[in-house]
Amino acid sequence: MTRPRILSGMRPTGALHLGNYMGALENWVRLQDEYECYYCIVDWHSLTTDYANPGQVKDNVLEVATDWLAAGLDPERSALFIQSLVPEHAELHLLLSMITPLPWLERVPTYKEQQQQISEKDLGTYGFLGYPLLQSADIIIYKADAVPVGEDQAPHIELTREIVRRFNNFYGPVFPEPKTLHTVSKRIPGTDGRKMSKSYGNAIDMKDTPDAIRQKLRPMLTDPARQRRTDPGNPDICPVFDLHKAFSPKPTQDWAAAGCRSAGIGCIDCKNKLAEHMLAVLAPMQARRRDFEARPKDVWEILIEGSKRARATAQATMDEVRAAMKIRY
Ligand code: TRP
Ligand code: SF4
């Protein structure tokens, strides 16, 4: 019996934070029980924005892989690999570029948004326009049945399905249309109340020490109505409470909500309780991380082995693709 296959990818941005964990990784770990999983560190995608300063990419790949292993991605069951070690992704990207109408890429909402947001970099490049097409190649080269991603990636998966239909129309049925497995992610705010993000400088990292975590939570934004300990508050508008919903068991959430509304507890009590549960969730992962941190060679070895496995699958697909496009010699 073969299990359905999924592929997902993450850019090597460096140490992962709790938003990355709750928004993606935790789900990826669970999916290993049901699916044949391919998880890719997409270093070429990093170069679409960081081409002028690629010096961090290699270290970041190791950081991400170490956090993946810490979180419980299991190299025995899942292919954990590096995009550029499977160069067939680039070949498929090239061949897909032949059949991709330019407007399909220009109308992807992330294209113009990111160009405006990241104004300090020149993203008017061929590579950046092709970002979602490279992502399509990542997915379909494994004939993935489904792709676990957040809501923001939906347009990229939709583009992938359109490309698959166009390819199959021209050359015959080679690729299945991948489904989106939406990660129903809880809101994970950073310490300033905005979405947790490395670029906002408001992140709590998976590898932060207990002391660092307590220090980051101490000044964290709460319901501004709670000026004094005796002022009642509203947990529904408090980012600390969002974190309780992600990390604390239900009875603790109820305790925090009731104590907040009645001013029975203070924000310091509330944050201390949160820190306790957050640290308990992170403890087993941090223990695994220390183990892998001590032997980076083994982490690289895992990625190289995973890339070999992924590459065998990708090569088999490319053989079919070349035949379908009449360039198998
Ligand atoms: N664009 C994705 C992101 O920013 C990363 C990515 C690259 C990806 N290739 C992928 C995700 C393939 C899923 C499948 O998060
Ligand atoms: Fe937020 Fe907790 Fe303070 Fe209420 S008691 S405002 S939920 S930190």
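Note that the coordinates shown come from a computational prediction; the quantities given were computed from them, not determined experimentally. Counting starts at 1 for both ligands and their atoms, following the listed order. All residue numbers in this chain count up from 1 along the given sequence.
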### Query
Below 2.8 Å, any N, O or S contact between Cys267 and atom 3 (Fe) of ligand 2?
yes
### Summary
the protein heavy atom lying closest to atom 8 (C) of ligand 1 turns out to be Gln135 NE2, 3.5 Å
### Task
Report yes or no: does Arg226 have a heavy atom closer than 4.0 Å to ligand 2?
yes
### Query
For atom CD of Glu76, is the number of surrounding heavy atoms from other residues, nucleotides or ligands below 6.0 Å larger than 12?
no
### Nearest neighbour in protein (non-hydrogen) for atom 4 (Fe) of ligand 2
Cys260 SG, 2.3 Å
### Message
Going by side-chain hydrogen bond (donor to acceptor under 3.5 Å, both in side chains), Glu293 matches just one of Arg290, Arg289, Arg295. Which one?
### Response
Arg289
### Task
Just do the side-chain contact (heavy atoms from CB on, under 4.5 Å) check on Arg214 and Leu279 with the steps written out, would you?
CA-CA 9 Å; Arg214 288 191 204 95; Leu279 294 174; 3.5 Å; yes
### Task
Determine whether the aromatic ring centres of Tyr142 and Phe81 lie less than 6.0 Å apart.
yes
### Task
Heavy-atom contacts with Thr222 under 4.0 Å: which atoms of ligand 2 show up? List them by number with element.
6 (S), 8 (S)
### Query
ligand 1 versus Asp152, non-hydrogen atoms closer than 4.0 Å: side chain, backbone, both, neither?
neither
### Query
Taking NZ, NE, NH1 and NH2 as the nitrogens, is one of them in Arg187 or Asp242 under 4.0 Å from a carboxylate oxygen of the other?
yes
### Query
Can you tell me if Asn168 uses its side chain to pair, donor with acceptor, with the backbone of Val174 under 3.5 Å?
yes
### Message
So which atom in Glu88 and which in Ile141 form the shortest heavy-atom distance, rounded to 0.1 Å?
### Response
O-CD1, 3.4 Å
### Summary
Here the atoms of ligand 1 under 4.0 Å from any heavy atom belonging to Val42 are 7 (C), 9 (N)
### Task
Would you mind checking which non-hydrogen protein atom is closest to atom 9 (N) of ligand 1, with the distance to 0.1 Å?
Asp138 OD2, 2.8 Å
### Task
Do me a favour and list the nearest non-hydrogen protein atom to atom 5 (C) of ligand 1 with residue, atom name and distance?
Gly9 O, 3.7 Å
### Query
What atoms of ligand 2 come closer than 4.0 angstrom to any heavy atom of Asp223?
6 (S)
### Message
Can you report which non-hydrogen protein atom sits closest to atom 3 (C) of ligand 1, along with the distance?
### Response
Gln153 NE2, 3.4 Å
### Summary
Paired with Asp50, the side-chain hydrogen bond (donor to acceptor under 3.5 Å, both in side chains) test is passed by just one of Gln56, His45, Lys121, namely Lys121
### Summary
among protein heavy atoms, the one nearest atom 2 (Fe) of ligand 2 is Cys270 SG, 2.4 Å
### Query
What residue and atom, counting heavy atoms only, is the protein's closest point to atom 14 (C) of ligand 1, and at what distance?
Leu7 CD2, 3.5 Å
### Message
Below 3.5 Å, N or O to N or O, backbone or side chain included: is there any such pair between His156 and ligand 1?
### Response
no
### Summary
atom 1 (Fe) of ligand 2 sits nearest the protein heavy atom Cys238 SG, 2.3 Å
### Task
Output yes when the distance from some N or O of ligand 1 to some N or O of Ser8 is under 3.5 Å, and no in every other case.
no
### Message
Is the contact between Leu134 and ligand 1 made by the side chain, the backbone, both, or neither, using heavy atoms and a 4.0 Å cut-off?
### Response
neither
